[in-house]
Amino acid sequence: MEKGREYGIDFIRIYAMCLVIMGHIIGRGGVLTATPLGSTEHNIALFLKIFSLCSINIFGLISGYVGYGVKFNFFHIIKLWIQILFWTVLIALFFVVARGIPIHFDLVRITFLPITTKTYWYMTAYFIAYLLSPLINIFVKRTNDIILFGGAICMLFTVSVILTTSGNNAIWLCVLYFIGAIIRKIDIKKKSYIKIGVCGYLFCVVFTWLAAISKEAGTAVWNKFLWAIFGGRYDGIWPSSITMLLAALFILLVGINIKLNSNATIIIKIITPSILSIYLIHVHPLIFDELSDVFSFMEDYTGLGIIGTTIGAVCFIFIGCIFLDFGRRKLFTYVDKVVAERRGRKSISN
C-alpha cells in the first residue's frame, strides 16, 4: 500500500461515480418522467434518483478532506485540463467522423475551451474551488473549531436555505470543500462510525424520498424554507438540501473509517485513476444528448425490473468507460516516460 493513502476515500469515490451514472440514467435517461406519477414504478425511480443525489456532495467533501494540509500544485490543474481536453477533442472528432455532425462555432468552443464554457459544470466549479483552496485551508487551520462549526452552519443556512442554490455551482462546491477540510482537521476515525454512516445515509435518503412523494401527491404543504432543508430548491429535488448534505457526510464517515483487504485495494488502485474519465466521457454534451430519454422504455417495467436494469446500465457504462480510459492512461504514461527520459539526457549533457 502507498504510505498515507486512504483507500476508503478512493472506495467512496468509486461509489459516488456509480451514483452519478445512476442519477443520469434515471433523470436524463427519462425513467422518472416516463413512469406514471404516483405509481409504484415512479416512486421506485424517484427513490433511485434521491439515492444517487448526494454524489456531487460526496465528491465536494472529498476534495476538502484530501486537500486540507496539501500544498497547492499548479501542475495538478494543468494535468486535469490536459485530461479534459483529451476527451473533449477525441469525442468531438468521433462524432464528426463517425456520425457526420457539422463542425460549427459552438462545437469548437466547447471542445477547446471546456472550462470557460462550462462543458462540464463540475470541472469549472472544481477549478474555482481548487484555486481558492489555499485560502480556505489557511482559514480552517488558524480558526478555532467552535468558530469553524458555527461558520459552516451559517454558511449552509445562507447558501442552501436562504439563497436556495441548486448545488450545481462553484459556490456550493466551495462550501463542501470548507466542510471537508474541517472534518479532516478534527479527525473522526473510529470503526463503529461505519454503521452510523450507513444507517444515517439510508435514513436521509428515505426521509427525502418520503418528503418528495408527499410533495408530488400534494399530501403535505411544503413552504420554500422547509423544502430547502428536506428537498432542495422550490423547482425540484437538489443536492443542496440539508438532508442530501448529511447523506454525503455519512458516506464520508464510512470512507474515513472503513478498512479494506489487499484484494479490494488492488481493484481500487486499478479503477481510481479512471474515475474522472468516466465522468468526462459519459457527461460530454454530445454523448449526454444521446442519453436523453434513452431509458424511457423502462416505463413498462416492474419496480424490480427498473432496479435491475438501472444497476445493469450503471455497470455497463462504468466498465465501458474504464476500458476506454485504459488507452488514455497508457498513452499518458508513455508520454510521461518519454519526457522524463529527455529530461534525464538533457541533465546529463549539461
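Atoms considered below: every heavy atom in the structure, side chains included; atoms not considered: hydrogens, waters and symmetry mates. We count residues from 1, following the sequence as given.
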Can you check side-chain contact (heavy atoms from CB on, under 4.5 Å) on F250 and V198, steps first, answer last?
-> CA-CA 7 Å; F250 281 123; V198 172; over 6 Å; no
side-chain contact (heavy atoms from CB on, under 4.5 Å) evaluation trace for L249 with I183 = CA-CA 9 Å; L249 285 169; I183 293 172; 3.3 Å; yes
Hey, mind stepping through F59 and L176 against side-chain contact (heavy atoms from CB on, under 4.5 Å) and telling me if it holds?
-> CA-CA 9 Å; F59 280 114; L176 294 173; over 6 Å; no
Kindly indicate, with the supporting measurements, whether the criterion side-chain contact (heavy atoms from CB on, under 4.5 Å) is fulfilled by S160 and I242.
-> CA-CA 7 Å; S160 184; I242 301 301; 3.9 Å; yes
F332 and F86: ring-ring contact (aromatic ring centres under 6.0 Å, His included), yes or no, with the steps?
-> CA-CA 10 Å; F332 279 33; F86 174 86; 5.6 Å; yes
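Atom CH2 of W121 sits in a crowded spot, with more than 12 heavy atoms from other residues, nucleotides or ligands closer than 6.0 Å. Atom CD1 of I138 is surrounded by more than 12 heavy atoms from other residues, nucleotides or ligands within 6.0 Å. Around the CZ atom of F203, the shell of radius 6.0 Å holds no more than 12 heavy atoms that belong to other residues, nucleotides or ligands. In I103, the CD1 atom is not crowded: 12 or fewer heavy atoms of neighbouring residues, nucleotides or ligands sit closer than 6.0 Å.
Neither L85 nor L93 shares a network with the other; the hydrophobic side chains, linked directly or stepwise wherever heavy atoms of I, L, V, M, F, W or Y lie under 4.5 Å apart, form separate groups for each. W238 and L173 fall into different hydrophobic clusters, defined by Ile, Leu, Val, Met, Phe, Trp and Tyr side-chain heavy atoms under 4.5 Å apart, directly or through other members. Residues V31 and L37 are members of separate hydrophobic clusters, defined by side-chain heavy-atom contacts under 4.5 angstrom among Ile, Leu, Val, Met, Phe, Trp and Tyr. There is a path of hydrophobic side-chain contacts, each under 4.5 Å, that joins I258 to I188. Linking ILVMFWY side-chain heavy atoms closer than 4.5 Å, directly or via other members, places V175 and I186 in a single hydrophobic cluster.
To the nearest 0.5 Å, the span separating CZ on R233 from OG on S166 amounts to 5.0 Å. A distance of 4.0 Å separates OH in Y177 from OG in S133, rounded to the nearest 0.5 Å. Atom CD1 in I171 sits 7.5 Å away from atom CG in L163 (nearest 0.5 Å). In this structure, L245 CG and L61 CG are separated by 6.0 Å, a value rounded to the nearest 0.5 Å. To the nearest 0.5 Å, the span separating SG on C18 from CD1 on I12 amounts to 13.0 Å. To the nearest 0.5 Å, atom CG of residue L260 and atom CD1 of residue I268 are 4.5 Å apart.
Closest heavy-atom contact between N137 and G67: ND2-O, 3.2 Å. The minimum heavy-atom distance linking I91 with L280 is given by the pair CD1-O, 4.2 Å. Taking each heavy atom of I213 and L46 in turn, the nearest pair found is CG1-CD2, 3.9 Å. Across every non-hydrogen atom of N57 and P239, the tightest pair is ND2-O, 2.7 Å. A pairwise comparison of heavy atoms in I50 and V205 identifies CG2-O, 3.7 Å as the closest pair. In terms of heavy atoms, Y122 sits closest to G60 at OH-N, 3.7 Å.
Checking side-chain atoms of W227 against main-chain N and O of G236 turns up a donor-acceptor pair under 3.5 Å. The main-chain N or O of V140 is found under 3.5 Å from a side-chain atom of K185 such that the two form a donor-acceptor pair. With S292 contributing its side chain and D289 its backbone, the two residues share no donor-acceptor pair below 3.5 Å. Judged by distance alone, with hydrogens and angles left aside, the side-chain atoms of S52 form a donor-acceptor pair with the main-chain N or O of K49 at under 3.5 Å. Put simply, the side chain of N261 gets close to the backbone of A264: a donor and an acceptor are under 3.5 Å apart. Checking side-chain atoms of T119 against main-chain N and O of I110 turns up a donor-acceptor pair under 3.5 Å.
Using a 4.5 Å cut-off on side-chain heavy atoms (C-beta onward), E216 and H42 make contact. Looking at F11 and I267, their side chains never come closer than 4.5 Å, going by heavy atoms from C-beta outward. Looking at L107 and F95, their side chains never come closer than 4.5 Å, going by heavy atoms from C-beta outward. Residues F94 and V89 form no side-chain contact, since every pair of their non-hydrogen atoms from C-beta on lies 4.5 Å or further apart. Contact of the K259 side chain with the Y7 side chain is not registered, since no non-hydrogen atoms from C-beta on lie closer than 4.5 Å. Here the side chains of I179 and Y65 are not in contact, with every heavy-atom distance at 4.5 Å or above. Counting only heavy atoms from C-beta outward, the side chains of L276 and M123 approach each other to under 4.5 Å. At a threshold of 4.5 Å between non-hydrogen side-chain atoms, the residues R28 and V294 do not count as touching.
Using modelled atom types and a 3.5 Å distance limit, the side chains of N43 and W209 yield no donor-acceptor pair. With 3.5 Å as the limit, one finds a donor-acceptor pair spanning the side chains of T165 and N169. Side-chain contact annotation: T243 with T208, donor-acceptor N/O pair under 3.5 Å present. In the model, Y130 has no side-chain atom that pairs as donor or acceptor with a side-chain atom of N73 under 3.5 Å.
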Identify all side-chain donor-acceptor contacts of residues 302-323 below 3.5 Å with residues at least two apart in sequence or on another chain.
residue : atom : partner : partner atom : Å
T302    : OG1  : G305    : N            : 3.2
T309    : OG1  : G305    : O            : 2.7
T310    : OG1  : I306    : O            : 2.6

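For the side chain to side chain donor-acceptor pair (under 3.5 Å) test with S277, the passing option among R329, H282, Q83 is Q83; the others fail.
Using cut-offs of 30° and 60° for the angle between ring planes, the F230 and F207 rings count as tilted.
Salt-bridge annotation for K79 and D336: absent, with no side-chain N of the basic residue lying under 4.0 Å from a carboxylate O of the acidic one. Taking the charged nitrogens against the carboxylate oxygens, R5 and D10 do have a contact shorter than 4.0 Å, which makes a salt bridge. Of the charged side-chain nitrogens involved, at least one lies within less than 4.0 Å of a carboxylate oxygen, so that R184 and E6 count as a salt-bridged pair.
Taking the side chain to side chain contact (heavy atoms under 4.5 Å, CB included) definition, one finds that Y15 meets it with L19, F51, Y201, I251, sequence neighbours left out. Checked against salt bridge (Lys or Arg N to Asp or Glu O under 4.0 Å), E290 has the following partners two or more places apart in sequence or in another chain: R99.
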